[in-house]
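Here the structure is laid out as structure tokens; the discussion comes afterwards.
First the proteins, then the strands, lettered A, B, ... as listed; each starts at 1. Bear in mind that the values here come from a model prediction, so they are computed numbers and not experimental data.
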Amino acid sequence: MRLSQYFLPILREDPKEAEIVSHKLMLRAGMIRQSSAGIYSWLPLGFRVLKKIEQIVREEQNRSGAIEMLMPTIQPADIWRESGRYEDYGKEMLRITDRHERDMLYGPTNEEQITEIFRDSVKSYRDLPRNLYHIQWKFRDEIRPRFGIMRGREFLMKDAYSFDLSPEEARVSYNKMFVAYLRTFERLGLKSIPMAADTGPIGGDLSHEFIVLADTGESQVYCDRDLIEGSAPAEDVDFESDLTPIIEKWTSKYAATDEKHDPERFEKEVAADKQVSARGIEVGHIFYFGTKYTDAMNCRVQGPDGKLVTIECGSYGIGVSRLVGAIIEASHDENGIVWPDPVAPFDVALINLKANDEATDAACDDLYGKLREAGFDVLYDDTDERAGGKFAAMDLIGLPWQVIVGPRGLKQGEVEIKRRSTGERETLTPEAALNRIVGRTT
RNA sequence: CGGGGCAUGGCGCAGUCUGGUAGCGCACCUGCUUUGGGAGCAGGGGGUCGCAAGUUCGAAUCUUGCUGCCCCGACCA
């Protein structure tokens with residue numbers, strides 16, 4: 001993409017409404033604009049990041065055996081009356097009336113919707129287990145939205161729903177999601193730690209929050225340092241095998257959010273040099289809640305013996321739009337965002353230091369073509385801004401690589417490449433620069 | 001929902017106390033000079049001062065009502 005033809009409205013100063021760093025940087029880098037409290041437009045740069053994260057979430061859900069679908073944002077009130085949550089959910093649910101005076105709502109979550117579909121479609125134990133998910137916008141009319149997209153009212157969430165014949169099998173489904181989440185967050189360049197959590201109003205008795213450590217996080221968390229240093233299961237993890245050992249490895253060490261923190265246990269179970277007290281952001285939450293909705297909504301199948309069995313369920317959420325902010329919170333410096341390679345909106349920033357200079361333009365055009373042929377997304381700054389402004393803007397938007405091309409270097413047959421994450425720079429021939437980037441990024 | 005604050009061009013702000021017809025920096029447009037880490041000079045465009053009512057010869061400024069947004073607290077991906 002040529003910057004001269006792109007839409008990237010960068011701000012030089014922090015808008016005063018932004019309090020935390022990710023919100024400031026997202027506004028300044030032209031990723032989002034606020035529409036009203038807790039509701040945002042995603043500008044082209046932000047949209048690219050959102051889609052990259054969404055894709056990684058999707059790939060890991062698919063790998064675990066979950067099946068993608070799409071449910072609507074607007075739901076009928078009736079199914080919520082059936083589950084009993086229409087009254088319970090309170091003012092957080094945005095209620096809408098259509099022209100025929102039918103009660104509708106903008107979905108804050110989709111347990112009712114998926115349970116209705118499953119109930120009407122599945123009658124036999126032979127069709128279990130299944131895990132269905134979608135990635136769809138949600139609306140929760142928060143009392144106080146804040147921190148930009150970190151706690152918006154409208155947000156993009158991946159929500160998965162598992163259906164099993166027995167609690168034991170539901171536990172297997174739960175474990176698959178647990179492992180898929182570990183892998184997802186690691187691929188996104190984040191250190192996430194599963195922590196035992198309250199099940200809250202969703203109900204059930206098995207639940208974990210996935211917390212990303214970040215200085216500006218909202219929750220105070222405590223854990224064993226070993227958990228931070230642990231790495232997620234590899235790509236070849238067999239989701240059909242018994243995942244219990246992996247789960248145990250991650251749940252045997254101490255980890256708790258402020259609400260669940262037990263200082264005495266912490267002191268007793270965690271060696272002093274391993275005690276971590278930090279800030280964290282909740283990016284995922286998984287629940288096993290059994291038959292809470294299937295009971296209320298009469299979702300049953302016939303077992304092998306012909307008897308009706310109420311289906312055991314779990315639900316599993318990842319805040320996709322929140323992750324954009326969480327990644328920035330975890331990865332930035334004084335000059336701007338530092339995108340982890342897998343979620344960067346573009347892979348390479350190509351900076352032409354003297355646009356309209358024949359030799360510089362030609363060298364840039366050549367590199368632009370070759371990088372794109374090699375499969376890279378390139379943001380090519382072909383504008384005739386001054387060098388300083390270009391450097392500042394590219395540092396702000398945080399693309400992993402910068403390729404800097406100017407007449408001075410070209411006279412020596414050289415260009416400069418800079419790694420955004422380390423600030424490390426090298427002066428090389430254009431061919432060597434190309435090879436360096438192709439070789440180090442996969 | 002309780003408490004606090006803010007609202008003046010795209011962004012950041014001054015002007016409000018003490019009423020006199022709107023200003024600064026950045027950004028934007030034109031020209032010239034510059035050009036490797038946010039250039040200089042000259043010229044220029046853009047604002048119903050959140051909305052409504054009131055007081056007044058006259059309101060960004062005073063009064064009343066409303067709305068929007070932000071921050072702190074309890075809840076949430």
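Under 4.0 angstrom from either OP1 or OP2 of B:C11 there lies no side-chain N or O belonging to A:Arg12. Proximity of A:Arg146 to the phosphate of B:C72: a side-chain N or O atom is located under 4.0 Å from OP1 or OP2. A close approach under 4.0 Å does not occur between any side-chain nitrogen or oxygen of A:Arg386 and OP1 or OP2 of B:G37. Not one side-chain nitrogen or oxygen of A:Arg322 sits closer than 4.0 Å to the OP1 or OP2 atom of B:A77. For A:Arg151 and B:A77, the shortest distance from a side-chain N or O to OP1 or OP2 is not below 4.0 Å.
Inspection of the A:Arg85 and A:Tyr293 side chains reveals an N or O donor paired with an N or O acceptor under 3.5 Å. Residues A:Gln402 and A:Asp395 bring a donor and an acceptor atom of their side chains to less than 3.5 Å of each other. For the residue pair A:Arg2 and A:Gln5, no side-chain donor N or O sits within less than 3.5 Å of a side-chain acceptor on the partner. When only modelled atom types and interatomic distance are considered, A:Glu112 and A:Ser83 share a side-chain donor-acceptor pair under 3.5 Å.
B:C24 sits 15 Å from B:G15 when the P atoms are compared, rounded to a whole Å. Nucleotides B:C41 and B:G37, compared at atom C1', are 23 Å apart to the nearest Å. If you take atom C1' in B:G9 and the same atom in B:C29, they sit 15 Å apart, rounded to whole Å.
Of the residues listed (A:Asp384, A:Asp382, A:Asp361, A:Thr360), the one engaging A:Asn352 in a side chain to side chain donor-acceptor pair (under 3.5 Å) is A:Asp361, and it is the only one.
Here A:Phe147 lies in heavy-atom contact (under 4.0 Å) with sugar-phosphate atoms only. Residue-level contact check: A:Lys16 touches the backbone only, with heavy atoms under 4.0 Å from sugar-phosphate atoms and none from bases. At a threshold of 4.0 angstrom between heavy atoms, the contacts of A:Gly284 are confined to the sugar-phosphate backbone, with no base atom among them.
Side-chain atoms of A:Arg425 and base atoms of B:G37 include a donor and an acceptor less than 3.5 Å apart.
Ionic pairing of A:Asp377 and A:Arg372 is not present here: no N-O contact between side-chain nitrogen and carboxylate oxygen is shorter than 4.0 angstrom.
Applying a 4.0 Å cut-off to non-hydrogen atoms, the residues of residues 32-40 of chain A that approach RNA chain B are A:Gln34, A:Ser36, A:Ala37, listed by residue number.
Atom CG of A:Asp14 is separated from atom P of B:C13 by 10 Å (rounded to the nearest Å).
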